[in-house]
Amino acid sequence: MNLAGKHLLLGLTGSIACYKSAELTRLLTQAGATVQVTMTESAAQFITPITMQALSGHPVYISQYDARIDNNMPHIALSRRADAIVIAPASADFIAKLATGLCDDLLSTLAIARDCPLLIVPAMNRQMWQNSATQRNVVQLRCDDIIVLDPDAGSQACGEIGNGRMLEPQAIYEAIIALLHPKKLSGKRILITAGATFEPIDPVRGITNRSSGKMGFALARAAAQAGGRVHLIAGLVELATPWGVSRENIQTAQQMYNSVMATIADIDIFIAVAAVGDWRAAQVSEHKLKKAAGQPLPPLHFVENPDILASVAALPTPPYCVGFAAESSELSINGEAKRRRKNVPLLIGNLGPKTFGKDGNEVVLFDKTGSTPLPLADKQSLARTLVDEIAQRVLGNTLHDPGAMHQLSDC
Ligand code: CTP
């Protein structure tokens, strides 16, 4: 469970987006967190404390004079138990209060009295978000080491369209996991390729493979949660982009090569998870190849695609390179041979047909010290283990810096 043993204080302020906090509470409790809900009076106009109590399994606090707390100091008692405070939704008014240090209700008072990280998830009308006062307040919060997530763009409850929608519960959930996760790759710039490439033959046909991209996306999520600045170059993948990761979609191996080479100069760690097509049609037909009775089959000639991983590893000052090997047999021999051939310090081998499209994976690590098998695990747990393994090799130690979440600072 991603949040087992974690105590979260979830604060709700007045916004129609309060309904999303109900789903967020479910996600957090299902992940093993204890969720203590605190609401402002305004939030209680949008969703009832009864709903939030039922979903969190704990009484909801609104008043700073709530006598249910033994010493009648809920602003201290509640904030001291928390590993993090999350205000979702955070209204423009509440953000302004935090920026100036005002504390005239329980939630604003306990936010100021906290001794744990504070994560703000704004929700408001697009004009309110763009208003220079709000923007000034957001800059101030970030300068005060408060993490402020950018809102979503899209249609708003008021009927207008723009920036200001509260992030979806799944995105907030991922941001909370990232917040509490040890920052072993803090500030490292990481480039990951994922998924299958597609090599066209004609306008309707092409060659691809069975890679789903799940392992590469799981690694991108885990690397971002570990504090990395992750860019993902994805082939044919029908998966949502992990929170905090930037993404570029390509189709062919040559396009993937071009994108990687355009980005690689700034990269600290390159992880090649993509199942790159080894060959492409020598000539892509402009029109659909037709079958005709009695005619010979159309001739297909192939040329080799560039080897992206080997090309990056051969750069004069390469980033730390990690390869994946999808083998169909004799993994222990083929894995180490491939690591040497590509000249990479770490290669992660698996048996492709056993893992393509599945949620679990069983891999063997190949490095200069030998091979290390890892037990079968779901791809997200495995990705965290692999990120730890990579961090150890890159940094030579295990930095532990929970709570230090990367955010652009205007201070
Ligand atoms: N790779 C790459 N560019 C290619 C082919 C592979 O970057 N043109 C990378 C993959 O992303 C992976 C590693 O090289 O990290 C090994 O890929 P794999 O398909 O297992 O091996 P190949 O090099 O294609 O060799 P073979 O198909 O002969 O096993």
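Ligands are counted one by one from 1 in listed order, and the atoms in each one are counted from 1 as well. All values below come from the heavy atoms of this structure, side chains included, with hydrogens, waters and symmetry mates left out.
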- Query: Roughly how far apart are Met166 CE and Ile16 CD1, rounded to 0.5 Å?
  - Reply: 11.0 Å

- Task: Taking only heavy atoms of Ala326 into account, list the atoms of ligand 1 that are under 4.0 Å away from them.
- Result: 20 (O)

- Here the atoms of ligand 1 under 4.0 Å from any heavy atom belonging to Gly323 are 15 (O)

When you check the side-chain N and O atoms of [X] and [Y], is any donor under 3.5 Å from an acceptor?
{"X": "Arg341", "Y": "Asn334", "answer": "no"}
{"X": "Asn163", "Y": "Arg126", "answer": "no"}
{"X": "Ser259", "Y": "Glu248", "answer": "yes"}
{"X": "Asp367", "Y": "Thr369", "answer": "yes"}

Tell me, which protein residue and heavy-atom name are nearest [atom], and how many Å apart are they?
{"atom": "atom 8 (N) of ligand 1", "value": "Pro306 O, 2.9 Å"}
{"atom": "atom 11 (O) of ligand 1", "value": "Ala274 O, 2.7 Å"}
{"atom": "atom 15 (O) of ligand 1", "value": "Ala272 O, 2.6 Å"}
{"atom": "atom 24 (O) of ligand 1", "value": "Asp278 OD1, 2.9 Å"}
{"atom": "atom 3 (N) of ligand 1", "value": "Ile308 N, 3.0 Å"}
{"atom": "atom 23 (O) of ligand 1", "value": "Lys342 NZ, 2.5 Å"}
{"atom": "atom 29 (O) of ligand 1", "value": "Lys338 NZ, 2.7 Å"}

- Using a cut-off of 6.0 Å, state whether more than 12 heavy atoms not belonging to Gln283 lie near its atom CD. no

- Exceeds 12 heavy-atom contacts within 6.0 angstrom, atom NZ of Lys188: no

- Of all heavy-atom pairs linking Arg393 and Leu365, the shortest is NH2-CD1, 4.1 Å

- Where does Leu309 meet ligand 1, judged by heavy-atom distances below 4.0 Å: at the side chain, the backbone, both, or neither?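 Answer for Leu309: both.
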
- Item | ligand 1 versus Ala310: contacting region, heavy-atom distance under 4.0 Å | neither

- Message: Protein heavy atoms near atom 19 (O) of ligand 1, is at least one of them under 4.0 angstrom away?
- Response: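 Protein heavy atoms within 4.0 Å of atom 19 (O) of ligand 1 - there are none.
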
- Item | Test item, Ala325 contacting ligand 1 (heavy atom, 4.0 angstrom) | yes

- Message: Below 4.0 Å from ligand 1: does a non-hydrogen atom of Arg341 turn up there or not?
- Response: yes

- Item | Contact check, side chains of Phe324 and Ile271, non-hydrogen atoms, under 4.5 Å | yes

- Mind checking whether Val37 and Met39 have side chains closer than 4.5 Å, heavy atoms only?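 In short, these two side chains touch, coming nearer than 4.5 Å.
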
- Message: If you take the nearest heavy atom of each of Trp279, Phe270, Tyr257, Phe324, which one is closest to atom 16 (C) of ligand 1?
- Response: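 Looking at heavy atoms only, the winner is Phe324.
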
